[in-house]
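Contents: one structure, followed by commentary.
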There are 2 protein chains.
Amino acid sequence: MEKLDETDLKILRILQHDSKKTTKEIADTLHLSASPVYERIRRLEKKGYIKRNVALLDKKLIGRPITAICMVSLRYHNEGFIDKFDQQIKELKEVQECYHMAGKVDFFLKINLESLDAYHEFIRSKLSKIDNIGVLESYFVLKEILHTTAYYF
Amino acid sequence: MEKLDETDLKILRILQHDSKKTTKEIADTLHLSASPVYERIRRLEKKGYIKRNVALLDKKLIGRPITAICMVSLRYHNEGFIDKFDQQIKELKEVQECYHMAGKVDFFLKINLESLDAYHEFIRSKLSKIDNIGVLESYFVLKEILHTTAYYF
DNA sequence: GCTGAAATCCTCTCGGG
DNA sequence: CCCGAGAGGATTTCAGC
């Protein structure tokens, strides 16, 4: 698939907001029959445009109300050290997002936990155990103003 | 629903990783028949534990490869000003996440765009048009180390 | 709350334009 | 690329335990 046409884009826009829409429903809004929509979705999945389908949960209801943003700078910046940091971060299930950044801060982390106590314990027993961390700054989310997984395109 | 039992939790853990799993598949792994799994999922949706089901797209393939983290501090902090900021941010489709923070930084924003030029234009023509912004600092994502919507529970 | 069966709807395939 | 039809499954409901 070299390029997506407008129909593909429309399908992606629908599915990134509601992946439970049936092919028939989508077909109806696009004035098509089910088969081409079905085939297109399958192609979009196969080619990686759609990475996965997930349920988004309510973090407060499931008992993980605390979100922290953590800014980390490494002490040493050789390739080996950065790769090792990557690996170690991926082991930490509490980390939802981790980005390697350009600039004076090396990494942004988004961490989700059940309480502030748990955060304290997380920093103490897990994050600070990772070698090579120079600076570590934590910020706490007071309120989620906006949170979507959809892209604007 | 006052409290979730272990079966509910297992269902949520499965669905937040793959919402396309059929009730039958889930029922098999939990050694149940399809009906109770079906009923539980419906209850979990109705009660808000499951907020929505979405397709996660590949941002590079759909042409939105640039992610920026933006830290914003307001000049004035009255209630009215904060609410107004919330409202104005929600209008900006390029903003995927916005958190009101505790500490010297007031807001974290995650912004997704097609290019650095588009980011420049976004700041110039949209973000900086919002009243009351005091400090605005941008960071760019070099590499996404980890990005999941699943919670660890 | 669970099971099993039955009805309905959707998914998925395929012949044809 | 699309349509339409048909077989096989999944969803959804419900009586019974």
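First the proteins, then the strands, lettered A, B, ... as listed; each starts at 1. Because only heavy atoms are used, hydrogens play no part in the values below, and waters and symmetry mates are left out as well, while side chains stay in.
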Measure from [atom1] on [X] to [atom2] on [N] and round the result to the nearest Å.
X        : N       : atom1 : atom2 : result
Ile26(B) : dT11(D) : CD1   : P     : 8 Å
Leu30(B) : dG1(C)  : CG    : P     : 15 Å
Leu4(B)  : dG1(C)  : CG    : P     : 11 Å
Asp5(B)  : dC2(C)  : CG    : P     : 8 Å
Asp28(B) : dT3(C)  : CG    : C1'   : 14 Å
Leu32(A) : dC2(D)  : CG    : P     : 6 Å
Leu44(A) : dC1(D)  : CG    : C1'   : 15 Å
Lys24(B) : dA6(C)  : NZ    : P     : 17 Å

Within 45° of the ring axis of Phe153(A) and under 6.0 Å from its six-membered ring centre, is that where the NZ or CZ of Arg13(A) lies?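 Yes - Arg13(A) lies over the ring of Phe153(A), closer than 6.0 Å to its centre and within 45° of its axis.
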Please write out the pairs of protein N or O atoms and N or O atoms of nucleotides 12-14 of chain D separated by less than 3.5 Å, giving the distance to one decimal.
residue : atom : partner  : partner atom : Å
dT12(D) : OP2  : Tyr38(B) : OH           : 3.4
dT12(D) : O5'  : Tyr38(B) : OH           : 2.7
dT13(D) : OP2  : Tyr38(B) : OH           : 3.4
dT13(D) : OP2  : Arg42(B) : NH1          : 3.4

Closest to side chain of Thr22(B), choosing from dA10(D), dC2(D), dC2(C):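 Of all the options, the side chain of Thr22(B) is nearest to dA10(D).
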The criterion is side chain to side chain donor-acceptor pair (under 3.5 Å); which residues satisfy it with [X], sequence neighbours excluded?
X        : value
Asp28(B) : Lys24(B)
Glu39(B) : none
Lys90(B) : none

Work out how much the helix from dG1(C)-dC17(D) to dG17(C)-dC1(D) bends between its end axes, five pairs an end, to the nearest 10 degrees.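 Taking five pairs per end, the axes differ by 20°.
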So that I can tick it off, tell me whether Glu137(A) and Lys104(B) are bridged by a salt bridge, with the cut-off set at under 4.0 angstrom between side-chain N and carboxylate O.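 So Lys104(B) pairs with Glu137(A) through a salt bridge.
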Per the ring-ring contact (aromatic ring centres under 6.0 Å, His included) rule, what does the pair list look like for residues 11-44 of chain B, sequence neighbours excluded?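 Residue pairs with at least one partner in residues 11-44 of chain B: there are none.
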For dC2(C), does OP1 or OP2 lie under 4.0 Å from any side-chain N or O of Arg40(B)?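 True: Arg40(B) side-chain N/O within range (under 4.0 Å) of dC2(C) OP1/OP2.
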Out of the candidates Leu92(B), Leu136(B), Val95(B), only one should pair with Leu109(B) under the side chain to side chain contact (heavy atoms under 4.5 Å, CB included) rule; please name it.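 So, applying the side chain to side chain contact (heavy atoms under 4.5 Å, CB included) to Leu109(B) and each of Leu92(B), Leu136(B), Val95(B), only Val95(B) qualifies.
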Using modelled atom types only, decide if a donor and an acceptor are shared between the side chain of Thr67(B) and the backbone of Asn112(B) within a distance under 3.5 Å.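 The answer is no, because no donor-acceptor pair under 3.5 Å joins these two groups.
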With salt bridge (charged side-chain N to carboxylate O under 4.0 Å, His left out) as the criterion, how do Arg40(B) and Asp8(B) come out once you've worked through the C-alpha distance, each side chain's angles and the decisive distance to 0.1 Å? CA-CA 7 Å; Arg40(B) 281 165 181 270; Asp8(B) 289 322; 2.9 Å; yes
